[in-house]
Amino acid sequence: MIQKIATDVSDKLNLTPSRDFEGMVGMEAHLKRLNSLLCLESDEVKMIGIWGPAGIGKTTIARALFDDRLSSSFQHKCFMGNLKGSIKGVADHDSKLRLQKQLLSKIFKEENMKIHHLGAIRERLHDQRVLIILDDVDDLKQLEVLAKEISWFGSGSRIIGTTEDKKILKAHGIHNIYRVDFPSKKDALEILCLSAFKQSSIPDGFEELANKVAKLCSNLPLGLCVVGASLRGEGNQEWERLLSRIESSLDRDIDDILRIGYDRLLTNDKSLFLHIACFFNYAKVDNVTALLADSNLDVGNGFNTLADRSLVRISTYDDGISVLSDSNLDIVLEQSKEPGKREFIIEPEEIRDVLTNETGTGSVIGISFDTSNIGEVSVSKDAFEGMRNLRFLRIYRLLGGEVTLQIPEDMDYIPRLRLLYWDRYPRKSLPRRFKPERLVELHMPRSNLELLWGGIEPLPNLKIINLNRSYRLKEIPNLSKATNLERLTLESCLSLVELPSSISNLHKLEILDVKFCSMLQVIPTNINLASLERLDVSGCSRLRTFPDISSNIKTLIFGNIKIEDVPPSVGCWSRLDQLHISSRSLKRLMHVPPCITLLSLRGSGIERITDCVIGLTRLHWLNVDSCRKLKSILGLPSSLKVLDANDCVSLKRVRFSFHNPMHTLDFNNCLKLDEEAKRGIIQRSVSRYICLPCKKIPEEFTHKATGKSITIPLAPGTLSASSRFKASILILPVESYETEGISCSIRTKGGVEVHCCELPYHFLRVRSEHLFIFHGDLFPQGNKYHEVDVTMSEITFEFSHTKIGDKIIECGVQIMTEGAEGDSSRELEVLKLRVAAAQLGDLLGNLNLEATTITTQMEMEMETMKQKVPSSLKMKTSKPANVGFMSWLRKLGQ
């Protein structure tokens, strides 16, 4: 539930999208053409193909489409990358199940999802609007397993597949196919110039050479990038030499072109590239840097070199590093015909042979073993004895399933690793002769471990320990010498009773996660971990005392813990930013630091919002969902943007002491709200939506209709480019959770769509009629609708939902236009009253005084006058009050 809350917060606060694809040559044209194929305004399910040769940019286009254009329009979405080779030969039933599980797990963000039949995708998605991209499809069976028919998906879904083989798309009945053509000569030269010269045009003296390179690369974008980057800073002679090399090759396919970029690297940069390509693809830059810190590689400068030469990409969004093509993996195979003599072994069948036949040698430094489709493997007792230089060992199951890797009880040696990642490790402890002093990261999720090792081990390099879901783990070893540990995650270690006192030495620890450790009783207290930023003890139901282990925490999460209040010391935690307390035992909250921006009291036993919460001047998000004893909300911080008060079954009175616009107001199933509270909620200005119980469309909506659509006649001059609307819909009770957004399509008399918007992700489970209210621009700036003629004679609003559309029984719309004529003294007086009320409430809130009586009287006076004021001024006065005047008032109160 905490994860759902966190996801909901991210959705509501509208996180910044990726900018990784800005400025790419030709990208905007690709996306524009694809947009016409996708036909997003249609409720039909559509399957689209993206087809072209290797290196043409199919994956890049698909990723840009997913990240930058479509992702925000779909609540349920999934990018299934690198499907090539995921089904080989005759796929067995288990392989198909694993592939379906992988897709559903990505869509619903449920790591341990279980499916038992091949109808799971249809069963789970037939009523869901989804966006699915299947990248690098090379077998028809992949489409048949993951997207066999359009009936598998809900109305409005879009399924997109990329492939080098058009026949696969045709065989699957996909006829809307976008062919990624080679760039024009002009665009190809621009791609080459941006890569080679960091400018869009050819420098003097390079015209002939640049044209020859582009021609020899067949205008292939990836080849142009790689070759151009390898020639950056070089003179004419080096360009000539490279040209002769390319011309002398009879086979100029993609691998040869890309190999040029690799061959021109220095030896250390080649080694770094192979580390990334074989082992650290998509890893975080900081993590790779730490893992390679003891090597002789110049990692920092090496990353820049590889990125400059278009061999890797470093994401500006999440700081992940990835190779742009897997074609250079063949370089590793060239090291030796015998897998045990190569630096990296990554093919599952070859790893199985090495581990069972003991053929590994000192050449091996990394093994990445996906055991998903390999069957039973019995590792030999001395499998690792010959691999004394092994530094990175990863054993995992990409598609889940049961443990198929067995190791003998008498195997007592694993080399001195930097990274040990072993999913579902089968034994009770690590091998006796294993020495962890070089470890940087230790990941043993879902293991059978009861104890890692005995005694005190030197752990100077260790930064991460992950033992999540190791249900049998009984004890954490003494960590007094793990002084550089940054993250300790022990989620769902159901047998763990206490944390060792040695954690008092972990002054670089940033994250401590023990959620759902249901047997945990003891966390050491009276210590102050200097770097701890996040502590999660949700579901630790046997924990009785508040874990006072650091005053530096930024995020503190409690859930299902018997705690009646937080101790006074928490009020002094100056760095605390997010506080989650989900406990029925919590009766009051008296000690909250003034700096927090997010406060979740979900499911707690509070009866009112205390003054210390009202005085939180930085609070943006307040969650009081399912606080069944909460009776009133009579004051809130003026900084608040999101209020979640769903299922507060006793809530009657709600009053806002400020008039600043908010993002979201949720009052699902608050059936006892009185009429005054409902009026106050409905009249709030929000940028997202309002939801509350109601029996009818409010009177302020001048245009109303039964059903889910309404057509409004327009007098000449009614609309302008800045026109906005306020819409409301009334829905019948909904019994089951529905998480689809409600969409609104706005059309002209001729049926031309001028705008389509969607209410954000929302839990629709309501026990009575409910009202949804949201605002929007009729003609949003910066999109394809903006040039629509505003002289239309009528406009139609149609509201829909993929599953509960029939629950929409009434709708209402109010057209709002800026620019009221005249400026009467009565209007100015209302404006002044609004500003004064907001500022005075803010001032008194900072002084921790009750502003309710004063602001209520002023609001009543404004309500009386407001009925006489044109709607245009009402929009203007909903804007935030003057910041300078508010600052002056704050100083006056100090």
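Nothing fancy with the numbering, it's 1 onward along the sequence.
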May I ask you to test the [X]-[Y] pair for a side-chain heavy-atom distance under 4.5 Å?
X      : Y      : answer
Leu419 : His443 : yes
Val312 : Phe303 : no
Leu393 : Phe369 : no
Leu306 : Ile321 : no
Leu616 : Val592 : yes
Leu512 : Ile549 : yes
Leu490 : Leu499 : yes

Holding to salt bridge (Lys or Arg N to Asp or Glu O under 4.0 Å), I want the full list of residues that pass it with [X], two or more places apart in sequence or in another chain.
X      : result
Asp298 : none
Arg432 : Asp412
Glu450 : none
Arg388 : Glu385

Would a distance-only check, ignoring hydrogens and angles, find a side-chain to backbone donor-acceptor pair under 3.5 Å from [X] to [Y]?
X      : Y      : result
Asn552 : Ala530 : yes
Thr525 : Pro547 : no
Thr610 : Leu589 : yes
Asn623 : Arg602 : no
Ser639 : His620 : no
Ser105 : Glu110 : yes
Asn505 : Thr483 : no

Taking everything shown except [X] itself, do over 12 heavy atoms lie less than 6.0 Å from its [atom1]?
X      : atom1 : value
Lys381 : NZ    : yes
Arg427 : CZ    : yes
Lys587 : NZ    : yes
Arg487 : CZ    : no

* Asked: Is a side-chain donor-acceptor pair under 3.5 Å present for Ser447 with Ser470?
  -> yes
* Tyr413: ring pair (Phe, Tyr, Trp, His ring centres under 6.0 Å) partners, not counting sequence neighbours -> none
Would you mind writing out the side-chain donor-acceptor pairs for residues 286-296 within the sub-3.5 Å range, not counting sequence neighbours?
unit_1	atom_1	unit_2	atom_2	d
Thr289	OG1	Val285	O	2.8
Asp294	OD1	Arg391	NH2	2.2
Asp294	OD1	Arg418	NE	3.4
Asp294	OD2	Arg391	NH2	3.3
Ser295	OG	Leu292	O	2.6
Ser295	OG	Leu297	N	3.3

To the nearest 0.5 angstrom, please state how far the [atom1] atom of [X] sits from the [atom2] atom of [Y].
X      : Y      : atom1 : atom2 : result
Asp625 : Asp666 : CG    : CG    : 7.5 Å
Gln578 : Ile596 : CD    : CD1   : 9.5 Å
Leu640 : Ser638 : CG    : OG    : 9.0 Å
Leu576 : Leu598 : CG    : CG    : 10.0 Å
Asn468 : Thr489 : CG    : OG1   : 4.0 Å
Thr664 : Asp644 : OG1   : CG    : 7.5 Å

Over 60° means perpendicular and under 30° means parallel, so classify the ring planes of [Y] and [X], tilted if in between.
X      : Y      : answer
His580 : Trp621 : tilted
Phe280 : Phe392 : perpendicular
Phe279 : Phe344 : tilted

* Structure fact -> Residues at least two apart in sequence or cross-chain that pass side-chain hydrogen bond (donor to acceptor under 3.5 Å, both in side chains) with Thr597, listed by chain then number, are Asp577
Residue pair [X] / [Y]: nearest heavy atoms and the distance that separates them:
X      : Y      : value
Pro426 : Asn448 : O-ND2, 3.2 Å
Trp573 : Ser550 : CZ2-O, 3.2 Å
Ile606 : Cys627 : CG1-SG, 4.2 Å
Gly362 : Asn389 : O-ND2, 2.8 Å
Ser538 : Phe558 : OG-C, 3.9 Å
Ile107 : Cys78  : CG1-CB, 3.4 Å

* Listed once per pair and sorted, the salt bridge (charged side-chain N to carboxylate O under 4.0 Å, His left out) pairs that draw on residues 268-280, sequence neighbours left out -> none
* salt bridge (charged side-chain N to carboxylate O under 4.0 Å, His left out) partners of residues 489-508, not counting sequence neighbours, each pair once -> Arg469-Glu491, Glu491-Lys515
* To do: Give the intermediate values and the outcome of side-chain contact (heavy atoms from CB on, under 4.5 Å) for residues Leu272 and Thr305.
  => CA-CA 10 Å; Leu272 179 60; Thr305 298; over 6 Å; no
* List the steps, then state whether side-chain contact (heavy atoms from CB on, under 4.5 Å) holds for Tyr396 with Asp370. => CA-CA 5 Å; Tyr396 64 103; Asp370 178 7; 3.5 Å; yes
* To do: Show your working on side-chain contact (heavy atoms from CB on, under 4.5 Å) between Leu405 and Arg397 and close with a plain yes or no.
  => CA-CA 10 Å; Leu405 189 71; Arg397 293 182 65 82; over 6 Å; no
* For side-chain contact (heavy atoms from CB on, under 4.5 Å), just list the numbers for Phe79 and Asp67, CA-CA rounded to whole Å, side-chain angles, deciding distance to a tenth of an Å, and then say yes or no. => CA-CA 9 Å; Phe79 191 103; Asp67 288 351; 6.0 Å; no
Quiz: residues 472-482 side-chain donor-acceptor pairs under 3.5 angstrom, not counting sequence neighbours:
unit_1	atom_1	unit_2	atom_2	d
Asn478	OD1	Ser480	N	2.9
Asn478	OD1	Ser480	OG	2.7

* **Results of side chain to side chain contact (heavy atoms under 4.5 Å, CB included) for Leu439 - residues two or more places apart only** => Leu417, Leu420, Phe434, Pro436, Leu442, Leu462
* Asked: Is any NZ, NE, NH1 or NH2 atom of the basic residue among Lys284 and Asp319 found under 4.0 Å from an Asp or Glu carboxylate oxygen of the other?
  -> no
* Asked: Under the ring pair (Phe, Tyr, Trp, His ring centres under 6.0 Å) rule, what pairs show up with a residue in residues 451-507, not counting sequence neighbours?
  -> none
